[in-house]
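Step one of this worksheet: look at the structure below.
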Amino acid sequence: MRIQRLSLDLFGRFTGKAFDFGEANGPSDFHVIYGPNEAGKTTTMEGFLRLLFGFPHREPYDYQHQRKNLLVSGVLNLNGEKMSFTRLPTRSGNLLGEAGAALPEHAISAHLGDLSLEDYRNLLCLDDKTIEKGGDDIANARGDIGRLLFSAAAGVADLNAVLEQARGEADSLYRKRSSSTRVAELKRELAEIERKIREMDVSASAWHKLKEALRTAEGEETKAKAERDELRMEQSLTAALSRARPSLGEHDRLVEENAKLAGYPERLDINPEYLVALKTEQGRAEPEILRLKGEIEKAGNELDGITLDEECLALTEKLDALGELRSRMATAALDLPRRRRALEEAETDMASIARELGASENIELSELVKSPAEIAALENARDRMRDAAKERDAEAREVTSLETRMLEAKKARKALKGNAPPQIGLLDLLSRFDVDSLAPAAATARQAIATSNEHLAEALWAISVGGREFTTVPDCPIDQTTAEELATQHAKLMDQILRAEETLARHREDVDVKTAQISSLTAGVGVASDEEAKDARGERDALWQAHRATLTLESTDAFEPAMQRVDDIDASRLAHARELGELRQLEQARIEAETRGTTTGTNLDTLRNQVSQIEARVDEIAKTIGLPKLSPAGLQAWVDRHSVAAVAPRKMDRLTEQHGPVLDQADRLHQALRPLLSLEDPTFDAALAAARRLAEDERKYHDDQKSATEVLTNLEEQLEGRRSELAVLTETAKSASDNWTTQVMELCGGFLAPETLSGVISQLRDIREHDVKRLHAARQVSTMAEDQRQFTDAIVALGIPRDLNNDDPLEVFRLLRARADQAKTDKDRHDSLNAKIADDTDKLGTTENQLQEIGRQVREFGVLFPETADTSTLDALRITVGKAQELIKARTRIADLERQILTELSALAMNEARVLLEGATAPALEARTKSLEADLESAEAQLSDATVARANAERDLSAITGDADVAELVERRTTLQLQIEETALDYLAKDFGLRLAEEAIRRYRDKHRSGMMDATERAFFELTNGAYQRLRTQPDGSSEILLAIDATGTAKQVGDMSKGTRFQLYLALRAAAYEQMVSQGVQLPFFCDDVFETFDEDRTRAACRLMERIGRSGQAIYLTHHRHVVEIAREVCEVQPVVHML
Amino acid sequence: MIKILHTADIHLDSPLSSLALRDAELRDRVQTATRVALTRIVDTALAEGVAALLIAGDLFDGAERSARTAAFLTGQLDRLRASGIRVFYIKGNHDAENPLTGELSLPDNVHGFDGRGGKVQLATDIWIHGVSFAGRHATESLLPKFPAPVEGAMNIAMLHTSLAGAEGHDPYAPCSVNDLVASGFDYWALGHVHRRQVHSKKPWVVMPGTPQGRDIGEPGPKSSTLLTIGETIEVEEVPTSVVEFLNVKIDTADAESDDALRDLLRQRLHATANGLASDSGVVRLTLTGTNLRRWQILRDHDVWAETAAQVSRETGRLWLDKLVFNLSDAEVPSHSATDELAEIMKTILKEPGFAEMCRAELETVLAELPAQRRGELVPNEDAMAALGQRLAETGAQRMLAQMKGATT
């Protein structure tokens, strides 16, 4: 794959940014993208990755364009075929080809050599982070380097993790003898289930045994039961004999005892209680007959003594008819005098009232009685008259009061006018100047200007230096920056001078020291100096030339000592070679120190010169301003203060201008006020305060005047209204009085005067009430008198016997009533005696009949018994019946005993029973009973045991129900077995797969490792310009360490290298991996983002050449913000890289 | 009209065998399914008012020997007795080996034929004939032991037989369908083969199949057979299975993404659930077809197994037994290292050294399994080698998937 064009249409900061990488037609396809920091180099690399792999869900490059709008496109060359691609941020169908046709993902991914996004980033998109990360993965991995190199090449960065994870998974499933694996866990579960099944289940054979046990137990039980039953039978027979024996004795005795009463009846229907009742009845009837006879006789005697008065009996009815009239008569006799008194009283009262009313003596009283309506009309007229008079009087009082108040008000107004203050028009003046807002504004303005004045004074004081003081702020010919520069420059120069002087001193000291050392060394050794040696050699050579020309003895002699001297000097110098070396070094050092001293001296002069220039300039400036002499630092300080002071006058001017209008206005007001006030030259504030007080007095006088006038007007209006009202009311009162007089005259026609009547109208009501009482009393008196007359007439009509000589009709009536009552009492007694006699005679007959019936019954019962028995009287009969009943009881008992004996002994007849009992004695029976009891007890115990055994067997068997517990457990067991099998097989598959993978990787690694190592080594050698010659691996326990061997043969681990060298190694690894991929037919664009930053220049050159080399087998793109890298790349590459500007 | 219900091979209390039963909810639903099946048969007999229930052998399972099973059976037979329904029973090979058979004290409405054979009159003109297995094997035909059909009556014969049998299986009372057709009986009530099959309709030769399948080897809904006897015999199926086993294959060729595959699973499983005859279903799902994403799918096999299980549960009626991957790779040319690794792994697989290692490891691990299951899994050396090879291939595929999957 090769990238021909990359368009960051909408991505990161870019909009429509495109890179054209052109056709790959040169021998190397190497591009450099240059741009400053923040220009978007990393964004470009990321954009390319988006084109290949799509947009991530969380996109960090969406800060300018929203994620949904992001878009990158490009033209890729895939196996020689150019294709356009566009990448959208949509969830699916986000890869588009030509003309916007959606393409499947593998249209690109098929050309990526199985690299994932992360792998591409770590392997082929290197920046500071990824180069280190991918490299560390290799260098720090515990596995062997070869495999990791292979991993990097294959893009399977984390194959080790895959294997480890798989091994972990396999181990979690099964490990021999481990108790924590899945298989072990399942087996534990299985064992638990199997234990439960064993506990709960019943097998077929166990079931069989249980059934057998039940059958046996049932047999045992049956047998024990039969034995027990037999014993029980015998026991009950013995018991029956014991019981029957006394019964037979009693039977025989009873039969014998009752033999002589053979004639008595078998059954008796006579109840002895009945006989007792008969006896009682007989005893009662006999005395009753005697008593009844006596009673009848006594009543006959009494009857004879009574006589009846028929006449008086008839009177009763007539008296009853008169009853009501008599009672009214009696009441009236008591009431009548009281009623008559009441009548008289009423009349007397009426007469007395008439007198009070002033009526004439002869007036008929009834004429004074008026109807309630008439009285009310009178009262109404009188009240109207009174009310009108009252209103009229009140109004008259009001008028009088108003007249008084009016007089007072007039007096007050007159007094006010006499006390008026002087009027000078201050009110108008103050309001014209709007004093309320002017006064505070003026105060503020004056305050501001005063403060500003103070500031100005302070500023002027601040810039005074020495004796020189300023009244105005002077001009400053130099600005702050320049002053500061001069000061700084001066300080710096002074500092440098100081240091230069120190250095110079040090150099001079050095020279002195070295000179001393040299002379001491020369003196101590005595060695010929270089000059001496040179001279000696020159002399020798000259003599040699002479000797050679002549070859005479003289020349020889001359030459020899010269030669000898040279040899001596050489020998001496050779012997003192070290000292000589040292000497030479010292001399060299001295010369150096001298030279440095000279240089330093020159520098010092220059510096001093510069300082003088600066100081001269400062002096000139100070003079211009008029300041005394200043240091540059002093000048800088003064200029700083001056810049502060210069502000003060400007501020002052601005304030004056700003507050001018307000102050002017205040001033005008001040001038206007002055003549009006009695103060001697007042300040503005004092004048204003005095004016305000005067103005307040003026205002108050005007207000009072106005209110006094208003009061007076108001009172006049009120008085006028009241007076007209009074005239109306006087008229009304007069008409009401006339009306009253007319009404009295009409109703009381002259016999009552209106004046008198007006106070006593209520008396008319009283007189009317008395009249009602009078009429009522008169009516009652007449009714009572009528009743009296009627009663007297009726009594006379009854015909009073002569012996009642009495006038009072009521008394006559009472006597007659007493006689009639006596006659009636006699009659009633007579009737009751007759009735009693008849009744008693009846009862006597009945009782006699009862006695006869009792006698008949006694005779009838007697017939039932034999003649020997006495039944003559009732008592004799009772004794005989008693005997008969005893006999019947005995006979029943005999029959019972017989039945009992036969039942007990299961015999059919008594004879049979007698045979059974023959010879049975009580002791023999008892002994037998005891022995049977013992036998039976043991038989019962046996049976009980057998029953328990049978019940247990039954229970055991019935416990086997058809419930599904065991079946469910069996199912669970089956599932668990399946799970174990599944897990075991799963483990085996995983284990086999792992072994295969490990072995395969090992073989692959062996095949590929040498090539990889060689390629890395080559690249590293090249990058470090031969500083590192070789790479090798060294086993470290189960893993390997990567070592680099430098030129001296020293081995270095990755951790011991500098960052730059480490990066070079990591880059070399990538280059080797790239080579490996190319050899596998995978060519992909290789990006580096300024990873050469830590390389020195030589290594940067080498790195550029490496990129060029990568470009020869694929496509290399280097992104940088270093101009020099671009230049180096251009300089060192045989084929010029294509440079793109961002 | 007389009705008779015919069943066989109940294998009472024989457990269901599927990994799906790990799911507690399914366990609650299909617990003791063979019991439920028998209960349903009895319910049907009562509801239809049949005259008799025919059980043509293998009422019990050879391995399940709990007395509680017998107690449950007695309870169900008592229900029939209470309604006056007679039961005819012949022993099959499993009954003959199960000691429970001998211990049974069956209610008096049950007639068990013995090994000598016999006939019983059910109604005026209906006779039931039958011969039981005397031991667990019957290598000879049991046909000669049948008494001759009764002239002029309906004759129904009960026989437990593997018929002609299948290659590699022991013969059980072998005979041919032709023999049966020719024997003069009107209805052959057979048992032994668990898959229902009507071999002949004139006369009827009916293998009713088991009323409840117990593992994936016995798939589909299961039933018993209801006879209605008038002038002729009418036959119908009565469903009995609580749960049925299903093999479902899904071609994933078109599923290009995880979502598409999930949708496909969901769609197919819901369709399967809708077509279910029993209350519940246990599914063995096989993914087939050529899929570009084979490696990703294999890599995530656990996730897919869980997804399939989850989707099955969602239907409310289906549970996953196992998810089997039978995918073939798309032939996309690739030069990746994993492809090279795959080739190397293929080579190693064929090497005898590796086979020997597999065998040794296999022996160690299989020792953890119950002996019986081990015997079934690897009956001989060849089977052992084949299993080793198969597991190694599966393991290799998974490892490759993980390695490839880690890169894509």
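Just so we're on the same page: letters track the sequence lines, and every chain starts at 1.
- When heavy atoms are compared at a cutoff of 4.5 Å, B:Pro370 approaches chain A solely by way of its side chain, counted from C-beta outward.
- The side-chain contact (heavy atoms from CB on, under 4.5 Å) test with A:Leu996 is passed by exactly one of B:Lys346, B:Glu393, B:Met345: B:Met345.
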**Prompt:** Between B:Thr394 and A:Phe992, does a side-chain contact (heavy atoms from CB on, under 4.5 Å) hold up when you go through it step by step?
**Reply:** CA-CA 9 Å; B:Thr394 310; A:Phe992 293 168; over 6 Å; no
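- Contacts of B:Leu377 with chain A are made by side-chain atoms alone, with heavy-atom separations under 4.5 Å and no backbone atom involved.
- With contacts defined as side-chain heavy-atom distances shorter than 4.5 Å, the pair B:Leu341/A:Arg1003 does not qualify.
- Contacts between B:Leu369 and chain A at a heavy-atom distance below 4.5 Å involve the side chain alone, from C-beta outward.
- Between chain B and the options A:Leu210, A:Thr975, A:Asp991, heavy-atom pairs under 4.5 Å are most frequent for A:Thr975.
- Residue-level contacts of residues 170-191 of chain A with chain B, in order of numbering, are A:Tyr174, A:Lys176, A:Lys187; threshold 4.5 Å between heavy atoms.
- Evaluation of the side-chain hydrogen bond (donor to acceptor under 3.5 Å, both in side chains) rule for A:Glu954 yields A:Arg950 as partners, not counting sequence neighbours.
- At a 4.5 Å heavy-atom cutoff, B:Val36 makes no contact with chain A through either its backbone or its side chain.
- Closest non-hydrogen pair, A:Val970 versus B:Pro15, comes out as CG1-CG, 3.7 Å.
- Between A:Arg91 and B:Asp259 there is a salt bridge, since at least one side-chain N of the basic residue sits less than 4.0 Å from a carboxylate O of the acidic one.
- When atom types are taken as modelled, the side chain of B:Arg68 and the backbone of A:Met200 share a donor-acceptor pair closer than 3.5 angstrom.
- With a 4.5 Å cut-off on side-chain heavy atoms, A:Glu968 and B:Arg27 do not count as touching.
- Neither the backbone nor the side chain of B:Thr34 comes within less than 4.5 Å of any heavy atom in chain A.
- Annotation: maximal heavy-atom pairing with chain B below 4.5 Å, among A:Leu985, A:Leu112, A:Ile980, A:Leu994, occurs at A:Leu985.
- Using a 4.5 Å cut-off between heavy atoms, B:Gln372 does not touch chain A at all.
- Listed here is the closest heavy atom pair of B:Thr32 and A:Ala967: CG2-CB, 3.5 Å.
- When A:Ala964, A:Ala984, A:Ser109 are compared by the number of non-hydrogen pairs under 4.5 Å with chain B, A:Ala964 comes out ahead.
- Taking B:Ser17, B:Ser14, B:Ala67, B:Ala70 one by one and counting their heavy-atom pairs under 4.5 Å with chain A, the maximum is reached by B:Ala67.
- Taking chain B as the reference chain and counting heavy-atom pairs below 4.5 Å, the highest number among A:His106, A:Arg973, A:Arg972, A:Glu118 is found for A:Arg972.
- When each of B:Arg22, B:Arg374, B:Gln31 is scored by its heavy-atom pairs under 4.5 Å with chain A, the top score falls to B:Gln31.
- Comment: A:Glu982 engages B:Lys322 in a salt bridge, judged by a side-chain N to carboxylate O separation of less than 4.0 angstrom.
- Chain A forms the most heavy-atom pairs under 4.5 Å with one residue out of B:Thr347, B:Leu100, B:Leu366, and that residue is B:Leu100.
- Chosen from A:Thr961, A:Ile197, A:Leu976, A:Asp965, the residue pairing most often with chain B at heavy-atom distances under 4.5 Å is A:Thr961.
- Contact tally against chain A (heavy-atom pairs below 4.5 Å) for B:Ala20, B:Ala396, B:Cys358, B:Ala367: the top residue is B:Cys358.
- The backbone N or O of A:Gly962 sits less than 3.5 Å from a side-chain atom of B:Arg35, completing a donor-acceptor pair.
- Applying side-chain contact (heavy atoms from CB on, under 4.5 Å) to B:Ser66 and the options A:Asp201, A:Ile960, A:Leu969, A:Val202 leaves one that passes, A:Asp201.
- Here B:Glu97 pairs with B:Arg65, B:Arg136 under the salt bridge (Lys or Arg N to Asp or Glu O under 4.0 Å) rule; sequence neighbours left out.
- Within the model, atoms CG of B:Asp13 and CD of A:Glu971 stand 8.5 Å from one another, a figure rounded to the nearest 0.5 Å.
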**Message:** Apply side-chain contact (heavy atoms from CB on, under 4.5 Å) to residues B:Glu351 and A:Glu999 and explain how you reach the verdict.
**Reply:** CA-CA 12 Å; B:Glu351 291 170 3; A:Glu999 176 62 16; 5.9 Å; no
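- Around the CG atom of B:Asp28, the shell of radius 6.0 Å holds more than 12 heavy atoms that belong to other residues, nucleotides or ligands.
- Using a 4.5 Å heavy-atom threshold, the side chains of A:Asp986 and B:Arg398 count as touching.
- Residues of residues 73-81 of chain B having a heavy atom under 4.5 Å from any heavy atom of chain A: none.
- The most heavy-atom pairs under 4.5 Å with chain B, out of A:Lys990, A:Gln979, A:Glu105, come from A:Gln979.
- If you measure heavy-atom distances from A:Glu998 to chain B, you find no contacts under 4.5 Å at all.
- In summary, the side chains of B:Glu361 and A:Tyr987 do present a donor paired with an acceptor at a separation below 3.5 Å, with no hydrogens or angles considered.
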